[in-house]
Chemist: 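What follows is a single structure, and I will ask about it in a moment.
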Amino acid sequence: MKVPFSWLKELVDIDVTAQELEEKLFSCGFEVEELIPLDAGISKVVVGKIVEMEPQEGTHLTKCVVDCGEYGHDIRISTGAANMKLGDCVPAALDGSTLPGGIKIKARKMQGVESNGMLCSGEELGLNDDLFPGSEVYGLLILPEDSVPGTDIAPVVGLDDYIFDISITANRPDCQSVLGIAREVAAVLGKPLHMPAMDYKAVCEPDAPITVKVEAPDLCPRYMAHYVRNIRMGESPRWMKRHLALCGLRSISNVVDITNHTLLEMGQPMHAFDLNKVAGRTIDVRRAHAGEKIVTLDEKEFTLNPNNLVICDAEKPVALAGIMGGANSGMDENTTSLLFECATFARDCVRKTSRALGQNSDSSARYEKGVDRHSPELGLARALHLIQELDCGDITTLEYDLTDGRPLERKHIVTTPAKICGVLGITVPDQTMIDILQRLEFTVDVQADGSWDVSAPLYREDVESFPDLAEEVIREYGYDHIVPTFLNTAAVTNGGLNFDAKARRGSFELEDIFHSYIAGMDTFALGLRIADKLITDGRIDKFVEDRYASWNTGIGADIISGKATMADLEKYALEKGEVTASLTSGRQEMLEAIMNEIMFSL
């Protein structure tokens with residue numbers, strides 16, 4: 001998930017660099033797959049003020065004299081652009097500079113006139129209109145009039161920023177948003193979290209009734225909706241466009257951008273239905289009927305079945321629940337009234353439908369990992385606040401909150417400090433653990449008997465018992481505090497491979513064959529087979545081969561084929577006079593005799 005550093009700074013008073021924050025996030029369990037600087041590939045590009053300009057005779061070029069501050073007050077650069085005027089400030093890539101894509105700028109002659117650099121457009125700097133106004137103009141990027149010549153271009157156009165590409169594990173769906181990561185940043189830095197504004201005021205009554213019902217509460221445990229009238233479609237403010245652009249989305253319109261912004265900021269997928277297109281002004285959350293069809297916003301048609309959850313009007317499906325809205329209910333420039341939807345859908349239903357239909361979206365990616373039942377409340381409040389802040393609609397008093405009947409309560413875990421420390425294997429001071437849990441928005445109520453009644457935030461559905469609390473404590477306290485220790489019931493065992501394991505791996509040596517004789521009939525038979533291979537491989541010389549050739553015939557062959565028993569082997573050895581009548585001592589004597597003779601001969 002991509003999270004802009006500048007957006008995090010709006011929610012937390014961050015006093016460390018992006019690189020330091022990357023390390024801190026890693027230390028508390030979040031892998032930053034990549035820290036992306038927005039000005040990557042850009043060097044020696046500064047603000048240049050055009051102080052002189054004249055057409056370059058016989059060409060389409062214009063000769064400019066540019067004031068670049070400490071780099072020179074009269075740098076001559078020719079350009080083919082035509083949208084600048086005397087006194088404009090523009091990006092100037094000087095001799096020896098680089099641009100995104102590995103482009104290198106050198107001083108050279110243009111149509112016979114020396115040019116000591118290049119004046120740049122926004123696109124040449126990797127910008128678009130959402131990141132910086134005017135970047136997509138055909139021509140040079142015109143900078144604010146108060147720009148100071150010679151200033152590095154990155155902070156002037158907002159490229160002095162970083163994007164954190166963070167891998168979110170399946171057990172932390174609450175971190176699938178800028179707010180979720182900001183909570184973790186606030187905790188690890190010990191800073192307060194500045195929640196996004198979510199206040200709003202209903203200003204009018206509904207002009208007509210709306211029906212909202214949920215027929216499949218097992219697949220939709222909570223469904224919230226709010227009616228907004230007098231929609232005023234327009235352009236989004238620059239800050240919102242930038243937020244979306246930094247996360248890889250383009251601005252469409254103020255109302256559509258609000259739904260996308262809420263998804264990114266709060267982690268709550270949203271949809272807005274154009275009520276002028278909703279038959280019967282009815283919203284019904286139900287399983288699809290076999291053979292029903294829907295065309296989604298990306299103009300793809302799907303045939304549905306009862307395993308798919310859909311949002312329907314009085315006649316037809318108007319959205320694939322948790323995945324994408326239908327083209328037949330989407331907003332356009334003629335939209336005048338809408339119904340905001342915020343819901344919690346069963347993650348397995350969304351995942352199976354998404355995979356079966358081959359249809360993925362940012363919404364489905366979040367629902368598949370899980371959206372808690374408290375999230376729709378926060379997401380809807382944030383969206384309505386933005387509607388009011390941007391003045392793009394009138395919020396009515398008509399709202400819906402349909403649930404499956406389960407109470408929305410914080411989970412309570414009764415435990416003791418000793419249990420938590422027992423999981424960690426170290427002793428963490430009680431007050432330190434309480435401080436950590438409180439920074440993570442847990443509440444800790446210390447009981448008279450010394451036990452703790454810990455309640456988890458509503459968005460932490462992954463927390464079940466005291467080992468989960470131990471995990472929360474140690475990732476903030478620091479894994480470097482853990483000292484390796486044995487468990488109470490642990491015992492030290494010597495490592496190494498037995499003969500059978502060595503034989504399977506082919507890592508045996510000569511002495512392993514003779515140890516096999518002591519081990520027993522089955523293992524000794526395997527040892528004889530290994531001896532054959534050692535002789536074939538040349539690892540036993542001719543003297544040894546002749547001396548013990550009998551093991552491959554007679555009693556040896558009988559052992560390998562399973563016809564002889566260990567008793568037969570021992571009888572044979574006694575008859576040959578190679579061992580004593582004592583089984584144990586005889587094996588040992590034979591081993592020593594064979595080992596001495598072979599080692600002497602090798």
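Just so we're clear, the structure is a prediction, and the values are computed from it rather than from any experiment. In what follows, residues are counted from 1 in the order of the sequence shown. All heavy atoms count here, side chains included; hydrogens, waters and symmetry mates do not.
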Chemist: I'd like to know if the side chain of N328 and the backbone of P317 have a donor-acceptor N/O pair within less than 3.5 Å.
Modeler: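 Answer holds: yes.
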Chemist: Do you know which two heavy atoms are closest between I142 and F132, and how far apart they sit?
Modeler: O-CE2, 4.4 Å
Chemist: Looking at E472 and R460, is there a salt bridge between them, counting it only when a charged N and a carboxylate O are closer than 4.0 Å?
Modeler: yes
Chemist: Per the ring pair (Phe, Tyr, Trp, His ring centres under 6.0 Å) rule, which among F5, F26, F30 passes with F164?
Modeler: F5
Chemist: Would you please name every residue forming a side-chain hydrogen bond (donor to acceptor under 3.5 Å, both in side chains) with T303, sequence neighbours left out?
Modeler: K293
Chemist: Run the side chain to side chain contact (heavy atoms under 4.5 Å, CB included) test on N128 and E123 for me, step by step, so that the C-alpha distance in whole Å, both residues' side-chain angles and the decisive distance to 0.1 Å come before the verdict.
Modeler: CA-CA 6 Å; N128 59 38; E123 291 183 343; over 6 Å; no
Chemist: Answer yes or no: is there a donor N or O on one side and an acceptor on the other, between the side chain of S354 and the main chain of R351, under 3.5 Å?
Modeler: no
Chemist: List the steps and the verdict of side chain to side chain contact (heavy atoms under 4.5 Å, CB included) for M224 and E341.
Modeler: CA-CA 6 Å; M224 299 185 69; E341 167 200 275; over 6 Å; no
Chemist: Please report the shortest heavy-atom distance between V45 and P91, naming the atom on each side.
Modeler: CG1-CB, 4.3 Å
Chemist: Drop me the distance from C220's SG to R286's CZ, to the nearest 0.5 angstrom.
Modeler: 13.5 Å
Chemist: Between A216 and L309, which heavy-atom pair has the shortest distance, and what is it?
Modeler: CB-CD1, 4.0 Å
Chemist: Please evaluate residues I166 and I168 with respect to the criterion side chain to side chain contact (heavy atoms under 4.5 Å, CB included), reporting the C-alpha separation (whole Å), side-chain torsions for both, the decisive distance (0.1 Å), and the verdict.
Modeler: CA-CA 6 Å; I166 304 174; I168 305 299; 3.8 Å; yes
Chemist: Pairing donors with acceptors under 3.5 angstrom, does anything connect the side chains of E292 and N305?
Modeler: no
Chemist: Could you pull out the closest heavy-atom pair between S167 and E33, with the gap in Å?
Modeler: CB-OE2, 3.4 Å
Chemist: For the OG1 atom of T353 and the CD atom of E368, what is their distance to the nearest 0.5 Å?
Modeler: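 Here the interatomic distance stands at 9.5 Å.
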Chemist: Compare all side-chain heavy atoms of I420 with those of W452 and state whether any distance is below 4.5 angstrom.
Modeler: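 The answer is yes; the side chains approach within 4.5 Å.
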Chemist: Does any non-hydrogen side-chain atom of T211 lie less than 4.5 Å from one of I283?
Modeler: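 They are not in contact (no side-chain heavy atoms under 4.5 Å apart), so the answer is no.
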Chemist: Could you tell me whether the side chain of K411 and the main chain of E461 form a donor-acceptor pair under 3.5 Å?
Modeler: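 Yes, K411 side chain to E461 backbone: donor-acceptor pair under 3.5 Å.
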Chemist: Does E464 offer a backbone N or O that forms a donor-acceptor pair with the side chain of D468 under 3.5 Å?
Modeler: yes
Chemist: So, for V188 and E476, which heavy atoms are closest and what is the spacing to 0.1 Å?
Modeler: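 Heavy atoms only, the tightest pair is CA-OE1, 3.5 Å.
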Chemist: Could you work out, with side-chain hydrogen bond (donor to acceptor under 3.5 Å, both in side chains) as the rule, every residue matching E205, not counting sequence neighbours?
Modeler: T397
Chemist: Look at the side chain of E10 and the backbone N and O of W7, then say whether any donor-acceptor pair between them is shorter than 3.5 Å.
Modeler: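 No; zero donor-acceptor contacts below 3.5 Å.
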Chemist: Does some side-chain heavy atom of S329 sit less than 4.5 Å from a side-chain heavy atom of H271?
Modeler: yes
Chemist: With a 4.0 Å cut-off on N to O distance, would you call R222 and D404 a salt bridge?
Modeler: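 A salt bridge is absent here (no side-chain N lies under 4.0 Å from a carboxylate O).
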Chemist: Going by the rule ring-ring contact (aromatic ring centres under 6.0 Å, His included), which residues pair with Y162 if we only count those two or more places apart in sequence or in a different chain?
Modeler: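 Once residues adjacent in sequence are excluded, Y162 has no partner under the ring-ring contact (aromatic ring centres under 6.0 Å, His included) criterion.
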Chemist: If we only count heavy atoms from C-beta on, is the Y227 to S337 side-chain gap below 4.5 Å?
Modeler: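 Touching, per the 4.5 Å side-chain cut-off.
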Chemist: Is it the case that the side chain of Y400 and the backbone of I210 share a donor-acceptor pair, with hydrogens and angles ignored and the cut-off at 3.5 Å?
Modeler: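 Indeed, once roles are kept as given, a pair shorter than 3.5 Å links the two residues.
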Chemist: Hey, could you give me each pair passing salt bridge (Lys or Arg N to Asp or Glu O under 4.0 Å) that has a residue in residues 210-221? Not counting sequence neighbours.
Modeler: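 Counting only pairs at least two positions apart or across chains, the salt bridge (Lys or Arg N to Asp or Glu O under 4.0 Å) contacts touching residues 210-221 are D218-R287.
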Chemist: What's the spacing between I252 CD1 and K241 NZ if we round to 0.5 Å?
Modeler: 12.0 Å
Chemist: Please evaluate residues V278 and L339 with respect to the criterion side chain to side chain contact (heavy atoms under 4.5 Å, CB included), reporting the C-alpha separation (whole Å), side-chain torsions for both, the decisive distance (0.1 Å), and the verdict.
Modeler: CA-CA 10 Å; V278 175; L339 187 72; over 6 Å; no
Chemist: Test of understanding: with side-chain hydrogen bond (donor to acceptor under 3.5 Å, both in side chains), list the residues that count as partners of S375, not counting sequence neighbours.
Modeler: Q268
Chemist: Does a salt bridge link E441 with R410, judged by any charged N lying under 4.0 Å from a carboxylate O?
Modeler: no
Chemist: Determine whether L246 and I163 make a side-chain contact, defined as any pair of heavy atoms from C-beta on separated by less than 4.5 Å.
Modeler: yes
Chemist: Looking only at non-hydrogen atoms, find the nearest pair between V228 and I231 and report the distance.
Modeler: CG1-CD1, 3.7 Å
Chemist: With a 4.5 Å limit on heavy-atom distance, are the side chains of Y138 and N83 in contact?
Modeler: no
Chemist: Given 3.5 Å as the limit, does a donor-acceptor pair link the side chain of T98 with the main chain of I103, or not?
Modeler: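 Looks like no, no N/O pair under 3.5 Å.
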Chemist: Testing L384, I387, L398, D401 one by one against H226 for a side chain to side chain contact (heavy atoms under 4.5 Å, CB included), which residue passes?
Modeler: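 Looking at L384, I387, L398, D401, the match for H226 under the side chain to side chain contact (heavy atoms under 4.5 Å, CB included) is L384.
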Chemist: For residues 245-257, pull every pair meeting salt bridge (Lys or Arg N to Asp or Glu O under 4.0 Å), keeping only residues two or more places apart or in separate chains.
Modeler: D130-R250, E136-R250
Chemist: Side chains of L127 and L131: closer than 4.5 Å at any heavy-atom pair?
Modeler: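 Of all side-chain heavy-atom pairs linking L131 with L127, at least one is under 4.5 Å.
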Chemist: Quick check for you: to the nearest 0.5 Å, what is the distance between T415 atom OG1 and L469 atom CG?
Modeler: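 Atom-to-atom, T415:OG1 and L469:CG are 6.5 Å apart.
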Chemist: Verify whether one side chain among D129 and S135 offers a donor that lies under 3.5 Å from an acceptor in the other.
Modeler: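 No, no side-chain donor-acceptor pair sits under 3.5 Å.
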Chemist: Side chain to side chain donor-acceptor pair (under 3.5 Å), that's the test. Do T335 and D274 meet it? Break it down for me.
Modeler: CA-CA 6 Å; T335 299; D274 185 339; 2.8 Å; yes
Chemist: Calculate, to the nearest 0.5 Å, the distance between atoms OG and CG belonging to S251 and N260 respectively.
Modeler: 9.0 Å
Chemist: If the threshold is 4.0 Å, N to carboxylate O, is there a salt bridge linking R475 and E184?
Modeler: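 A salt bridge links R475 with E184.
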Chemist: Would you indicate whether K24, at its atom NZ, is surrounded by more than 12 heavy atoms from other residues, nucleotides or ligands within a distance under 6.0 Å?
Modeler: no
Chemist: With a 4.0 Å cut-off, would you call K2 and D165 a salt bridge?
Modeler: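 Yes, charged N to carboxylate O under 4.0 Å.
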Chemist: Output the distance between atom CD1 (I153) and atom OG (S43), rounded to the nearest 0.5 Å.
Modeler: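 The distance works out to 13.0 Å.
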Chemist: Measure from the side-chain N and O atoms of D435 to the backbone N and O of T432, and report whether any donor-acceptor pair falls under 3.5 Å.
Modeler: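 No; zero donor-acceptor contacts below 3.5 Å.
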Chemist: Show, in sequence, the C-alpha distance, side-chain angles and deciding distance for D15 and K191, and conclude whether the salt bridge (charged side-chain N to carboxylate O under 4.0 Å, His left out) test is met.
Modeler: CA-CA 9 Å; D15 55 2; K191 302 285 187 179; 3.0 Å; yes
Chemist: More than 12 heavy atoms of other residues, nucleotides or ligands under 6.0 Å from CD of Q19: yes or no?
Modeler: yes
Chemist: For D445, is there any backbone N or O sitting under 3.5 Å from a side-chain donor or acceptor partner on D453?
Modeler: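 Answer holds: no.
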Chemist: With a 4.5 Å limit on heavy-atom distance, are the side chains of D160 and D39 in contact?
Modeler: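 A side-chain contact under 4.5 Å is absent here.
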Chemist: Verify, without hydrogens or angle tests, whether H385 (side chain) and D199 (backbone) share a donor-acceptor contact under 3.5 angstrom.
Modeler: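 Indeed, once roles are kept as given, a pair shorter than 3.5 Å links the two residues.
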Chemist: So, are D332 and K277 salt-bridged, with charged N and O less than 4.0 Å apart?
Modeler: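 Here D332 pairs with K277 in a salt bridge, since their nearest N and O are under 4.0 Å apart.
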